[in-house]
Protein chains: 2
Amino acid sequence: MQRDETVTPPLSIQQQPELVLIELLFYAYRDFVSDPDVVLAKFQFGRAHHRVVHFVNRHPGMRVADLLDILKITKQSLGRVLKQLIDTGYIEQVPGPVDRRQRLLYATAKGRALDQRLTEPQAERIRAALAPLGPEGRIAAERFLRLMIDPAERDKVAQMIEH
Amino acid sequence: MQRDETVTPPLSIQQQPELVLIELLFYAYRDFVSDPDVVLAKFQFGRAHHRVVHFVNRHPGMRVADLLDILKITKQSLGRVLKQLIDTGYIEQVPGPVDRRQRLLYATAKGRALDQRLTEPQAERIRAALAPLGPEGRIAAERFLRLMIDPAERDKVAQMIEH
DNA sequence: AATTTATGTCAGCCTTGTTGACATAAATGG
DNA sequence: CCATTTATGTCAACAAGGCTGACATAAATT
């Protein structure tokens with residue numbers, strides 16, 4: 001009994017050249033996000049904690065709703081890891097000065113130190129990748145990745161990144 | 001009581017320019033991997049099934065060990081979703097003709113069709129991102145992503161991608 | 001014949017995502 | 001001022017998909 005493998009050819013790069021970038025994205029991201037795992041393990045934290053402490057550190061005083069909008073997860077999912085980070089002193093909450101329903105989020109010194117340790121190996125990977133490329137290579141990589149973001153999100157993301 | 005937010009400044013792009021690419025990778029990948037979710041939901045599958053059916057389709061006759069090496073997960077984790085894909089007829093196993101311990105993996109016609117439906121929205125996103133860039137932009141994006149892969153993996157990945 | 005290799009499987013645990021329901025305090029609109 | 005909306009938190013339960021450890025089988029290799 002023969003397999004039906006010749007009925008339709010499997011996806012090939014020739015017929016679908018986007019496969020190269022699709023797969024490169026997978027492999028690159030796979031290795032990129034594994035960098036901080038060693039550090040995370042020492043702190044008994046996971047990748048979710050990394051994301052939270054990072055974005056809070058990058059946007060001091062951000063609202064919980066802002067963080068949810070970046071991470072695209074539910075408040076219950078966020079709540080769990082956020083609570084752990086607050087209880088262990090990596091993040092603190094401050095009532096919003098104008099709207100006191102808000103709990104503005106700040107990384108503590110401890111939280112900033114953690115974020116820096118987590119970010120360091122990723123930054124090193126980026127530097128190593130950019131080294132052989134020159135400034136135009138960097139610009140091109142940034143431009144491509146920006147265009148990979150949902151159009152409706154692009155301006156918001158651009159503003160958050162530039163500061 | 002004052003917060004200690006001024007003890008150390010939060011990470012800023014000025015002091016760490018790699019942050020731009022670090023965060024762009026997060027945002028781009030976040031949206032990129034969410035594309036197939038709509039399709040996956042219809043089939044009662046998750047992102048893990050997507051990855052498995054995709055790489056099996058792309059590398060017909062691959063060994064289980066090869067798949068593990070790509071995904072970088074344990075055989076138990078793979079086993080669970082692979083079994084589901086086999087039981088529902090998206091993937092089939094064939095004993096290795098030379099080494100009969102091996103179970104070579106093939107996507108069935110059904111599996112190939114599924115992979116194509118899953119890949120389509122991602123390919124569309126790639127095409128849309130490349131459209132304003134020109135051929136050099138594509139080359140640059142590929143070059144950057146290749147350099148983001150672990151050096152020890154690069155050649156292997158390059159060979160797998162090119163065919 | 002003994003060992004190693006490729007694969008599968010059982011059992012249990014952890015992280016991190018989900019839904020749904022409900023609670024509270026503060027802002028806002030009539 | 002009261003009703004409603006908003007920002008946030010919380011409880012409970014569940015699901016996906018990682019993980020470890022132990023053990024089983026068949027086939028290849030030494």
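Of the residues near DNA chain D, B:Gln76 and B:Arg100, the one whose nearest nucleotide (by heavy atom distance) lies more toward the 5' end is B:Gln76. Along DNA chain C, the nucleotide nearest B:Leu105 and the nucleotide nearest A:Phe45 are compared for position; the residue whose nucleotide lies closer to the 5' end is B:Leu105.
Atom P of nucleotide C:dT3 and atom CZ of B:Arg101 are separated by 17 Å, given to the nearest angstrom. Taking atom CD on A:Gln84 and atom C1' on C:dT15, their separation rounds to 9 Å, with Å as the unit. Remark: P of C:dT15 and CG of A:Leu85 are 13 Å apart, rounded to the nearest angstrom. Following rounding to the nearest Å, A:Leu40 (CG) and C:dC14 (C1') show an atom-to-atom distance of 15 Å. We find that CD1 of A:Ile73 is positioned 12 Å from P of C:dT19, with the value rounded to whole Å. One can place CG of B:Asp99 at 12 Å from C1' of C:dT4, the figure rounded to the nearest angstrom.
At the heavy-atom level, B:Val98 lies under 4.0 Å from the strands shown only through sugar-phosphate atoms. Within 4.0 Å of B:Arg80, counting heavy atoms only, lies at least one base atom of the nucleic acid. No contact: B:Gly79 has no heavy atom under 4.0 Å from any strand.
The same ILVMFWY cluster, assembled from side-chain heavy atoms under 4.5 Å apart, contains both B:Ile13 and B:Phe26. Note: the hydrophobic cluster containing B:Ile139 does not contain B:Ile149 (ILVMFWY, side chain heavy atoms under 4.5 Å, direct or indirect links).
For A:Ser77, a side-chain nitrogen or oxygen approaches OP1 or OP2 of C:dT18 to under 4.0 Å.
Side-chain contact between A:Tyr27 and B:Met148: absent, with no pair of heavy atoms (C-beta onward) separated by less than 4.5 Å.
Remark: B:Gln16 CD is packed, more than 12 non-hydrogen atoms of other residues, nucleotides or ligands lying under 6.0 Å away.
Identified under the ring pair (Phe, Tyr, Trp, His ring centres under 6.0 Å) test for residues 79-104 of chain A, with sequence neighbours left out: A:Phe45-A:Tyr90.
One N or O on the side chain of B:Thr119 and one on the backbone of B:Asp115 form a donor-acceptor pair closer than 3.5 Å.
Think of the region where chain B sits on DNA chain D: with heavy atoms and a 4.0 Å cut, that region ends 5' and 3' at D:dG17 to D:dA28.
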Worked check of side chain to side chain contact (heavy atoms under 4.5 Å, CB included) between A:Leu114 and A:Asn57: CA-CA 10 Å; A:Leu114 174 59; A:Asn57 189 27; over 6 Å; no

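A:Arg63 and A:Asp99 are not joined by a salt bridge, as no carboxylate oxygen comes within less than 4.0 angstrom of a charged side-chain nitrogen.
Of the residues in residues 31-38 of chain B, none has a non-hydrogen atom less than 4.0 angstrom from any atom of DNA chain C.
Under the 30°/60° scheme for interplanar angles, the aromatic rings of B:Phe55 and B:His59 are found to lie parallel.
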